[in-house]
Amino acid sequence: MTQNTTDSNTKRKRAKGTVQTKTFGPVEDLETHVRSDWWQTLFNSLYLKTDADLLDDMQVTKKETDLVISILGLNPEDSVLDLCCGQGRHVLELARRGFSNVEGYDRSQYLIRKARTRAQKENLQVRFREGDARKLPYPSDTFSVVTILGNSFGYFDSTLQDRKVLEEVFRVLKPGGRVFIDASDGDYLKKNFQPRSWEWLDRKYFVCRERALSSDGERLICREVICRNDRGIIADQFYAERLYNKESLFDLLTASGFSSPAFHTTFSPVSTGTQDAGMMEQRLILSATVEKAWMSTSYPNAEGKKPLNVAVVLGDPRKEDQVKPACVFDDDDFETVNRMKKALVEIPYMKFIFLDRHDTLFDDLKKKAGKIDLVLNLCDEGFCNDPTKELHVPAMLEQLNIPYTGAGPQCLAYCYDKSLVRGTAREMNIPVAKGILLTEDSDISRLSLSFPLILKPNSGDSSFGITQKSIVHSKEELLEIMKVTREKIGSDKPFLLEEFLPGKDISVGIIGNPPACTVLPITEEDYSAVPEELPRICGYEAKWLPDSPYWKIKSVPAGLPEETEKEVVMSCIALFTRLGCRDYARFDWRLDAEGRPKLLEVNPNPGWCWDGHLAKMAAYANISYSGMLAAVIGAAKRRYGIGIGGKVVLQKKVHEQPTRKSPAECAAEFEEEVEAKNSIESGDSNKGNVFSGDSETIRVL
């Protein structure tokens with residue numbers, strides 16, 4: 001036993017004097033050596049040693065804490081979570097200043113242990129927990145403030161993961177709570193990073209660093225070779241951080257639900273001993289606010305209120321979906337569903353269950369019928385992900401006598417046929433683009449329309465079959481694109497051929513049921529980022545292909561002339577009623593060369609996703625995503641006469657907006673104008689007014 005111990009000690013002594021040769025040597029491409037989970041192992045004792053000039057400098061920590069308190073106006077009673085807290089330097093400093101409700105959270109077990117040890121030594125009553133920032137162990141509406149300090153944001157190799165962090169922060173913050181972020185100034189670092197540097201950490205340790213931009217230019221890749229003068233190389237490690245700038249951080253925060261992101265200053269807290277500040281050299285300081293409803297479980301005065309039981313019906317992720325690019329549900333689809341679920345949780349007095357297995361959907365609904373107060377029908381993929389069977393889901397619900405949101409089977413059948421909608425609109429003197437229905441190639445011989453024209457499937461969903469090549473300039477092009485499109489949609493499907501209008505591409509959203517409905521701000525598609533040689537069209541590429549130049553299309557307020565807006569709005573309300581839309585709908589229009597509006601199509605049960613057209617229009621009305629979903633549910637409740645013991649609280653308005661006239665007020669003004677002029681002047685039938693003095697729609701409004 002004694003001999004073995006001696007041999008073991010001898011080996012350890014020899015190891016101390018041995019130079020480590022395990023290193024990568026010269027590396028041409030730093031990025032190839034960065035592991036996607038590098039952050040799981042990097043933050044250890046060496047991390048504190050290599051960055052001690054900033055991370056363990058008390059004066060730097062005090063300056064940063066002063067900044068947080070002054071910008072946010074923190075009070076000692078505020079509940080504060082320091083996310084990615086490291087060794088807890090900011091939490092401990094706040095505790096020293098009398099903050100009694102502060103907590104730290106970090107992924108590194110080593111740093112959390114270090115933080116707890118320091119708190120015990122100073123007898124500070126604070127809590128530290130270890131875990132992943134993308135899944136926080138706190139209930140919703142817990143904290144007044146969440147801070148992400150010390151350049152601890154942007155470690156993941158995907159912005160989607162960074163957004164998950166922010167979404168979790170949004171969830172655990174109370175309504176009116178704030179997030180405070182200190183992040184690298186990406187624009188500055190791209191121009192000023194040091195490709196190579198080295199510095200002595202103390203009398204024994206020194207570190208050599210290499211840096212380079214990633215292949216996409218969006219991350220800074222770093223390599224650290226740490227040496228000890230008596231042992232040689234002791235670590236050769238790689239890591240990376242995303243280089244956000246003000247614009248990308250603003251977009252990420254707003255996409256995660258935050259309101260009013262504000263940038264306060266750039267910050268460069270460098271200690272006297274700093275030789276290479278690296279990514280800490282210049283940082284952006286920003287904050288944002290949470291505007292949301294309280295959770296039903298924590299909503300003030302919610303005791304004793306019976307929640308509404310809502311079943312959410314969705315597309316089936318197990319089945320093929322021909323409309324999607326890969327014909328299957330992908331990560332974006334699952335992320336969209338997750339965001340929807342998080343938004344629904346914010347609506348008080350409601351309990352949600354989710355049904356997406358279509359093979360058993362009817363039986364599942366039948367079993368739960370007695371316990372379901374309402375179905376939120378979000379199955380816009382159609383039954384078994386077949387868009388021609390979108391009407392089958394409400395038909396099931398009708399058969400089972402279960403109340404549900406949105407349009408009924410007949411409305412969905414009508415509006416799925418674009419030609420039928422055109423005919424209905426013409427009958428109501430609502431202007432439509434000139435066009436014809438093509439059932440076979442021989443129909444082209446009677447073509448009297450002038451090129452350019454747009455060819456699209458007469459029945460379709462999500463712009464399937466509509467691309468930049470759908471704009472044709474000759475009969476030869478027309479025949480070719482018909483042939484190509486038939487390979488995608490089927491040889492028996494008819495086409496709609498319309499004049500291609502060069503004016504604004506606009507959308508109108510309505511939530512509610514006339515006369516008690518809300519017309520959302522009208523938006524137009526902004527094509528300024530699309531190359532000039534490409535046609536201005538929001539087709540399949542814009543909705544499904546991120547690598548397409550059409551992906552950069554944005555929806556912005558339309559800014560229509562007052563008379564044009566009035567005509568469009570009243571036409572939409574009339575069509576909403578005539579076609580049997582319910583609770584919500586979207587109407588797509590386009591202006592001709594003279595700025596006259598022409599109806600393109602009607603979308604009952606339009607896209608409900610967080611980044612869809614309806615959500616964007618709602619955002620321009622200062623309605624949050626959860627508020628939009630709550631409004632759709634509320635419209636169905638009023639239509640059925642369903643009541644609950646509470647009030648759905650929509651997102652608070654951040655800025656006061658001019659009061660928007662109600663549909664009833666617009667209708668009354670429009671009717672007076674019609675009576676004064678007897679009719680709307682027009683050069684052709686496309687200018688005809690949709691309303692007459694004895695119009696049933698006018699009476700309803």
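The figures that follow rest on heavy atoms only: side chains count, while hydrogens, waters and symmetry mates do not.
- Using cut-offs of 30° and 60° on the angle between ring planes, the pair Phe156 and Trp39 is perpendicular.
- For the pair Lys341 and Phe354, the cation sits on the ring face: its NZ or CZ lies under 6.0 Å from the ring centre, inside 45° of the axis.
- With values rounded to the nearest 0.5 angstrom, Ile402 atom CD1 is found 11.0 Å from Tyr404 atom OH.
- His613 places no side-chain N or O within 3.5 Å of a backbone atom of Thr523 that could act as its donor or acceptor partner.
- Here the side chains of Leu83 and Val169 are in contact, with some heavy-atom distance below 4.5 Å.
- No donor-acceptor distance shorter than 3.5 angstrom exists from the side chain of Trp589 to the backbone of Ile506, with no hydrogens or angles considered.
- In the model, Glu525 has a side-chain atom that pairs as donor or acceptor with a side-chain atom of Ser555 under 3.5 Å.
- Ring orientation note: the planes of Phe334 and Phe329 are tilted relative to one another, at an angle of 30° to 60°.
- Side-chain contact, Ser248 with Asn245: a donor N or O sits under 3.5 Å from an acceptor N or O.
- Considering every non-hydrogen atom in both Phe576 and Gly512, the closest pair reads CZ-O, 3.3 Å.
- In this structure a side-chain-to-backbone donor-acceptor pair under 3.5 Å is missing from Asn605 to Gly406.
- Counting only distance, with no hydrogens or angles, the side chain of Asp182 and the backbone of Leu149 share no donor-acceptor pair below 3.5 Å.
- No salt bridge links Arg171 with Asp141; every basic N to acidic carboxylate O contact stays at or beyond 4.0 Å.
- Phe153 and Tyr244 have their aromatic ring centers within a separation under 6.0 angstrom.
- Residues Gln410 and Tyr414 have side chains in contact (heavy-atom distance under 4.5 Å, counting atoms from C-beta outward).
- Under the salt bridge (Lys or Arg N to Asp or Glu O under 4.0 Å) criterion, Asp588 pairs with Arg586, sequence neighbours left out.
- Residue Phe143 forms a ring-ring contact (aromatic ring centres under 6.0 Å, His included) with just one option from Tyr105, Tyr138, Phe180, and that option is Tyr138.
- Without hydrogens or angle criteria, Arg178 side chain to Thr147 main chain gives no donor-acceptor distance under 3.5 Å.
- In terms of the salt bridge (Lys or Arg N to Asp or Glu O under 4.0 Å) criterion, residue partners of Glu167 (sequence neighbours excluded) are, by chain and number, Arg163, Arg339, Lys342.
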